[in-house]
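Below is one structure, written out as structure tokens; the observations come after it.
Residues: numbered from 1 along the sequence shown.
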Amino acid sequence: GEIEDYNGKMEIIPSDSASVTISSSGNALPDFQVTTITGLLEAGESLESELVIVYGVEVVGGDDWPADNENADILVSDDDSSNTIVLRVDRQTDLDGGTAPTGVYDIQGICGQFSSDDPNSGYQLQPRGFSDFLTPDPNFVTIAEARQAADGASVTTRGFITTPPFSFSRTDYSLQD
């Protein structure tokens, strides 16, 4: 097939169905890569077209949940709206016409891209169906909830430990959501 750029995403367009060869099927899918909204925005190109999971997501804006046979671009965040990404609800899934998830949830799906301007922007989280919306583990609070805890409170959360390059101090580590 021919390689084509479609709004920032490389696609292979077969010339016809006879030019497609299935070399194997029924293989296990790769593990989901744990990331954050910030991680998707900063490293979207390296995660593009891969399975990802983001914990503690909630709707913060964008389109309404789509009616039957409609698409929608819904804004979601995992850090109290400091960073948002488009949750692309595609009408070719079982999501359109259904009941919108509410509250905070964990979401898995495919890291997609749609940007006609900048080839390093426009990353999206694309759930494959309702089964990609997961009930959060009640043993963890979101980073946003942890920020609201009283001084001295004990919380259990999850995120990524980061440190500046070449830092050897025990106090330079931080938890990134």
Side-chain angles (χ1 to χ4, degrees), residues 1-14 16-17 20 22 25-26 28-138 140-145 148 158 177:
E2 291 186 25
I3 294 179
E4 181 178 299
D5 179 283
Y6 180 72
N7 291 298
K9 184 171 66 172
M10 182 183 73
E11 296 183 339
I12 301 173
I13 310 299
D16 57 42
S17 61
V20 176
I22 299 173
S25 63
L29 293 174
D31 291 335
F32 286 88
Q33 295 189 62
V34 178
T35 189
T36 61
I37 301 295
T38 301
L40 287 171
L41 296 172
E42 292 177 355
E45 199 62 30
S46 67
L47 295 169
E48 188 176 336
S49 299
E50 295 189 14
L51 296 170
V52 296
I53 185 167
V54 180
Y55 299 115
V57 173
E58 63 184 327
V59 172
V60 295
D63 296 340
D64 290 333
W65 196 260
D68 197 30
N69 211 26
E70 299 279 329
N71 298 317
D73 291 336
I74 298 168
L75 290 179
V76 295
S77 178
D78 62 354
D79 62 4
D80 264 353
S81 301
S82 295
N83 292 288
T84 61
I85 197 165
V86 169
L87 177 73
R88 177 66 176 173
V89 179
D90 191 291
R91 68 177 180 259
Q92 296 175 11
T93 65
D94 66 349
L95 296 167
D96 58 303
T99 302
T102 58
V104 175
Y105 45 87
D106 299 338
I107 187 161
Q108 59 190 24
I110 299 167
C111 177
Q113 185 179 21
F114 191 86
S115 174
S116 58
D117 301 330
D118 180 357
N120 294 308
S121 68
Y123 297 104
Q124 303 176 329
L125 184 53
Q126 301 172 327
R128 301 162 300 161
F130 275 113
S131 62
D132 280 342
F133 292 83
L134 310 171
T135 303
D137 185 329
F140 294 92
V141 298
T142 66
I143 298 292
E145 292 168 329
Q148 302 302 316
R158 55 182 156 202
D177 56 353

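- No side-chain heavy atom of E2 sits under 4.5 Å from any side-chain heavy atom of E4.
- We find the CZ-CG distance between F140 and D106 to be 10.0 Å, quoted to the nearest 0.5 Å.
- The closest side-chain donor-acceptor pair between T36 and D78, if any, does not fall under 3.5 angstrom.
- Looking at Y123 and I37, their side chains never come closer than 4.5 Å, going by heavy atoms from C-beta outward.
- Side chain of E58 to main chain of V76: no donor-acceptor pair is present (N/O by atom type, distance under 3.5 Å, no hydrogens or angles).
- To the nearest 0.5 Å, the span separating CG on D79 from OG1 on T84 amounts to 9.0 Å.
- At least one side-chain heavy atom of C111 sits under 4.5 Å from a side-chain heavy atom of L40.
- When every heavy atom of G109 is checked against every heavy atom of F32, the shortest pair comes out as N-CE2, 3.9 Å.
- Taking 4.5 Å as the limit, every side-chain heavy atom of T102 sits out of range of all side-chain heavy atoms of W65.
- Nearest heavy-atom pair across F130 and T99 is CE2-O, 3.3 Å.
- Residues P66 and L95 are not in side-chain contact: their nearest non-hydrogen atoms beyond the backbone lie 4.5 Å or more apart.
- At least one side-chain heavy atom of D73 sits less than 4.5 Å from a side-chain heavy atom of R88.
- Residue T35 holds its OG1 atom at 9.0 Å from CG of L41, rounded to the nearest 0.5 Å.
- Between the side chain of N71 and the main chain of D90, no donor-acceptor pair closer than 3.5 Å is present.
- Within the 4.5 Å cutoff, the side chain of V86 has heavy atoms near those of the L75 side chain.
- In this structure, OH in Y55 is found 8.5 Å from CG in L134, a value given to the nearest 0.5 Å.
- In summary, the side chains of S82 and D80 do not present any donor paired with an acceptor at a separation below 3.5 Å, with no hydrogens or angles considered.
- Taking CD1 of I53 as the start and CG of L125 as the end, the distance is 10.0 Å to the nearest 0.5 Å.
- D64 contributes atom CG, which lies 8.0 Å from atom CD1 of I74 (distance to the nearest 0.5 angstrom).
- Between the side chain of D132 and the main chain of I107, no donor-acceptor pair closer than 3.5 Å is present.
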